[in-house]
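Taking it in order: structure first as structure tokens, then the write-up.
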Amino acid sequence: MSKVSFSVNGEVRDLELDTRTTLLDALREHLHLTGTKKGCDHGQCGACTVIVDGRRINACLSLAVMHEGDAITTVEGLGSPENLHPMQAAFIKHDGFQCGYCTPGQICSSVAVLEEIKAGIPSHVTADLTAASQVTPEEIRERMSGNICRCGAYSNILDAITEVAERQA
Ligand code: FES
Ligand code: FES
């Protein structure tokens, strides 16, 4: 067992955990924040994506005790039903889901993707590494490729992200 303290959605949380506990299980089983989903538990689907210190990670591939002092944002911390994050609202408007199981991960990833593009972080499909990154459909598809949707809501997810990116621009 080991103690760990990190903030989740702005609230400091102190836990004592088996050192083998993943961040995903700490969030879901210990803090009862079940918005973050367990799809594969093997880093293959992206359903468990959360934002840690501004970077998106697969919570199933990370041990909770590695996150001492970190600031973690889950889908619950992005917005509330009364006050949705613009990305959450855009997913609803564009019908960017069917069963919804992948959706929290898709939304956390989408929010982080737009920040990555804004910060000039290139992707595998960025042609010109010296130019400011563009929010193109190709860029969004590549950057979202770690988030799998079994329902196949991809085109609507792309529409939602594009709309938020255009509004931000
Ligand atoms: S549950 Fe973490 S990537 Fe699938
Ligand atoms: S909405 Fe069902 S898996 Fe994506």
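Only this structure's heavy atoms are used, side chains among them; waters, hydrogens and symmetry mates stay out. Just so you know, these numbers come straight off a predicted model, no measurement behind them. Residues: numbered from 1 along the sequence shown. Atoms within a ligand are numbered from 1 in the order they appear, just like the ligands themselves.
A distance of 11.5 Å separates CG of N9 from OG of S80, quoted to the nearest 0.5 Å. Considering CE of M87 and CD of Q106, their distance stands at 11.0 Å, rounded to 0.5 Å.
With waters neither drawn nor counted, the protein N/O/S atoms under 2.8 Å from atom 2 (Fe) of ligand 1 amount to 2. Protein-derived N/O/S atoms nearer than 2.8 Å to atom 2 (Fe) of ligand 2 total 2, waters excluded.
More than 12 heavy atoms of other residues, nucleotides or ligands sit less than 6.0 Å from atom CD of E29. For CZ of R20, the number of neighbouring non-hydrogen atoms (other residues, nucleotides, ligands) closer than 6.0 Å is 12 at most.
Taking the charged nitrogens against the carboxylate oxygens, K93 and E163 do have a contact shorter than 4.0 Å, which makes a salt bridge.
Residue pairs satisfying the salt bridge (Lys or Arg N to Asp or Glu O under 4.0 Å) criterion with at least one member in residues 56-77, sequence neighbours excluded, are listed as follows: R56-E116. Applying the salt bridge (Lys or Arg N to Asp or Glu O under 4.0 Å) test to pairs two or more places apart or on separate chains, none has a residue in residues 145-156.
A donor-acceptor pair is defined here as one N or O able to donate and one able to accept, closer than 3.5 Å; no such pair exists between the side chain of H67 and the backbone of V65.
With respect to R13, the side-chain contact (heavy atoms from CB on, under 4.5 Å) criterion is satisfied by exactly one of I72, L27, V8: V8.
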